Amino acid sequence: MKYQYISDFFIALAYFSIPLELIYFVKKSAVFPYRWVLVQFGAFIVLCGATHLINLWTFTMHSRTVAMVMTTAKVFTAAVSCITALMLVHIIPDLLSVKTRELFLKNKAAELDREMGLIRTQEETGRHVRMLTHEIRSTLDRHTILKTTLVELGRTLALEECALWMPTRTGLELQLSYTLRQQNPVGYTVPIHHPMINQVFSSSHAIKISPNCPVARIRPAGKYMPGEVVAVRVPLLHLSNFQINDWPELSTKRYALMVLMLPSDSARQWHVHELELVEVVADQVAVALSHAAILEESMRARDLLMEQNVALDLARREAETAIRARNDFLAVMNHEMRTPMHAIIALSSLLQETELTPEQRLMVETILKSSNLLATLINDVLDLSRLEDGSLQLDLGTFNLYALFREVLNLIKPIASVKKLHVSLNLAPDLPEYAVGDEKRLMQTILNVVGNAVKFSKDGSILISAFVAKAELLRDPRTPEFFPVPGDNHFYLRVQVKDSGIGVSSQDIPKLFTKFAQIQSTAIRNSGGSGLGLAICKRFVNLMEGHIWIESEGLGKGCTAIFMVKLGIPERLNDSKLALMPKVPPNHGPTAFPGLKVLVMDENGVSRMVTKGLLVHLGCDVTMVSSSEECLRVVSHEHKVVFMDVCVPGMDGYEIAIRIQEKFTKRHERPIIVALTGNTDKATKEKFMRVGMDGLILKPVSLDKMRSVLSDLLEHRVLFEAI
Amino acid sequence: MEVVQIQRRLVDYTKSLFMEGFLDGQFLQLQQLQDESNPDFVVEVVSLFFDDSEKLLNELTIALDQPNVDFKKVDGHVHQLKGSSSSIGAQRVKNVCIAFRNFCEVQNIEGCLTCLQQVKQEYYLVKNKLETLFRLEQQIVASGGSIPMIEMGF
């Protein structure tokens, strides 16, 4: 009995303390979802406890109340227990499933962790690839590209060895070009037609190869199992491979081989992502190499162009220097050589005027002749160089053709008669009396041709004939490029000079017109001549839009020189005036311009006085001024001519001319303005013409020049001396 | 006969002046302008040349003596001298003036000083020669002869 009391008591205690514990712990944890169930459970336990407690009193005789309480308690307990039992049926499976779910989630978490690790590795690999690509692309130097590739790959994939095999020039072998660890790769070669190598070349993937393959046997044999080896092809692209429509997959023929080896004593294997990495890198390397090759070629081309540019520039500058040197030389030669020549000629002719013994006279005549020849030679050379420059221009003018031929005849007759040669002139009746052309140079040409005829003939006769070339005869079959065009205001003069001299052999004929080329025959050499004459004639004739040639039947059979030049027909044939055109013989006769009022403006006292002297000698009434202001003040309509010295620097003669022109509104009241200058270039002349000066004279002015200038001016009101 | 001798001496002397390049054709032109209406033309012009040149040479000496040489001014004077000398035919003076102007253009003071020396030298030489010439002419005129005209064909 006592033990039942005690046990019941403890049971009740336990039953009361359990809910307390439950409540305490549930309060602690926040997650527990079944509070309601807990309450029920608590109630159930409390009531069970209560029941057992009340049981304590029912062991003995108990009152009705206690029985009532006992019954109530038991009823309640029963109710709650049943409800709880029912509840638990629902709840326990839930609780169990929670457990399974928890297990499931744990597994899932572990799996995700693993995958996370994988992705991270892959992402790192990707980063490595990007960095590798960046490294490779950041340089355009082929060696750096390849070296960087190997280094970076080695680092990323933790390789033991990484090697690159390049095809040799012959294409039959692969040569070890770069390695990672070994510093100096020996020129190890491997024949290209190995089945394993072919396998690698035929696929664009990285392929595992056996470590026994010759390409893989490049390290000293390890102690352990060699690591796995992978090889991949690297296409070597050339510029020519890039066709627009046809991308390189189909047209590359050469590959290099990249071999990668894992460390030998690790159990590592090649993962798929690592292989993919290797393939991507190989492609990038190919692209980078092709870029480097393109760049190399374009740089080489640019360097070549620059070199050529420099060379061309140098050549151009040398040519310019040469031209300048030649021009300087010519200018100097012109002046320096003519001055002493003039002195010699002048003084020799002076000497001739004095009393001389016959021997002395002969000597002086020889000196004079030689110096005249020399002067002619100097002029010829100067003319020739000007002709070659293209700076020679014809001085066109109207002249008497008949008079020209007569003068040629007069000049040549004395020399011809000394050689007992008979010269005859035959002018066609339809030859016009006057023509427009460069009289001086035409005369020079005819004289030269006739002179040659005389020079190279020992005896016989010379026939000069001139006539107007008819249309049919104009075209010479030998010179298809000569197209004479007949027209209304011009005609072609054809002159033939036939001699019976030593003639010319047919192979020498083309050489005749080359300057300085001498025919080798001694007979001709002894006759003198520098070889320039015909060359100059040819150039003059060309300037006159004509043609010159020589016909000869051979040595000893004489030769005929023929030339045709284009001459203009003068518009108005004012015979009386033109008859006066030949030079007025110089005379110190009576004054030519009595009382002509002129104004001379010159800053330099001496030259002013000289000009005044000239004009006074010619009979003019001269007013002198020494400055532009004075000139403008003094000039009036009484002054017919104003001579203005304009080569003074700082004083602008042009402006004065303009101001004078402004002062006189009516043109016939305005004086003629003539500029005196020592400046001989064309630009000055053009400037004067533009400003409206009527004339230009070159200083120094001789008396004759001044006289003719004044007469021309007063007649035509304009004179521009040929410069 | 004395006159003839002096005349011959004059001709020889004039020829030598031309040969040595002291004078050129322009001087002959001047002589041609001298006639009865203008008997002392050449002497007048040459005297004017002497006065002008002395002045110019003085100016040039002063100008080139300055610490900062005004090349434009120097060039102007040289240009004047060149004009005068070429107007009377003083060939050597004119040539030195040309070289002088080149040095002025490049502002080479050493060259200018050298040219100034040369110009002075030439000027005094030609002055001397011309004075001798005029003395000979005066002697001829005083002896009653006439000055021979020198015809030169250039």
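Computed over heavy atoms, backbone and side chain alike; hydrogens, waters and symmetry mates excluded. Because the structure is predicted, anything quoted here is derived from the model rather than measured.
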Checklist entry - Got a second to check how far B:Lys82's NZ is from A:Ser607's OG, nearest 0.5 Å? => result 11.5 Å
Checklist entry - If you count the non-hydrogen atoms of other residues, nucleotides and ligands that lie under 6.0 Å from CD in B:Glu110, is the total more than 12? => result no
Checklist entry - Closest approach of B:Leu33 and A:His617, non-hydrogen atoms and distance? => result O-ND1, 3.2 Å
Next on the checklist: Does B:Tyr13 have more than 12 heavy atoms from other residues, nucleotides or ligands lying within 6.0 Å of its OH?
Outcome noted: yes
Checklist entry - What part of B:Leu48 lies closer than 4.5 angstrom to a heavy atom of chain A: side chain, backbone, both or neither? => result both
Checklist entry - Side chain, backbone, both or neither: which part of A:Thr611 has an atom under 4.5 Å from a heavy atom of chain B? => result neither
Next on the checklist: Which heavy atom of B:Ser87 sits nearest to which heavy atom of A:Val606, and what is that distance?
Outcome noted: CB-CG1, 4.0 Å
Next on the checklist: Is it true that, when you exclude B:Gln117 itself, more than 12 heavy atoms of the residues, nucleotides or ligands shown sit nearer than 6.0 Å to its CD?
Outcome noted: no
Next on the checklist: Report which part of B:Gln91 has an atom under 4.5 Å of a heavy atom belonging to chain A: side chain, backbone, both, or neither.
Outcome noted: side chain
Item to check | Contact check, side chains of B:Gln26 and A:Val610, non-hydrogen atoms, under 4.5 Å | outcome: yes
Checklist entry - In Å and rounded to the nearest 0.5 Å, what is the CG to CG distance from B:Leu30 to A:Leu614? => result 8.0 Å
Next on the checklist: Measuring from atom CD1 of A:Ile344 to atom CE of B:Met19, what distance do you get when rounded to the nearest 0.5 angstrom?
Outcome noted: 9.0 Å
Checklist entry - Quick check: are there more than 12 heavy atoms from other residues, nucleotides or ligands sitting under 6.0 Å from CZ of A:Arg361? => result yes
Checklist entry - What part of A:Leu351 is in contact with chain B, defined as an atom under 4.5 angstrom from a non-hydrogen atom: side chain, backbone, both or neither? => result side chain
Checklist entry - In Å, rounded to the nearest 0.5 Å, how long is the span from OG of B:Ser47 to CE of A:Met609? => result 8.0 Å
Next on the checklist: Taking atom CD as the centre, does B:Gln139 end up with more than 12 heavy-atom neighbours from other residues, nucleotides or ligands that are less than 6.0 angstrom away?
Outcome noted: yes
Next on the checklist: Looking at B:Lys127, I want to see if its NZ is surrounded by more than 12 non-hydrogen atoms of other residues, nucleotides or ligands under 6.0 Å.
Outcome noted: yes
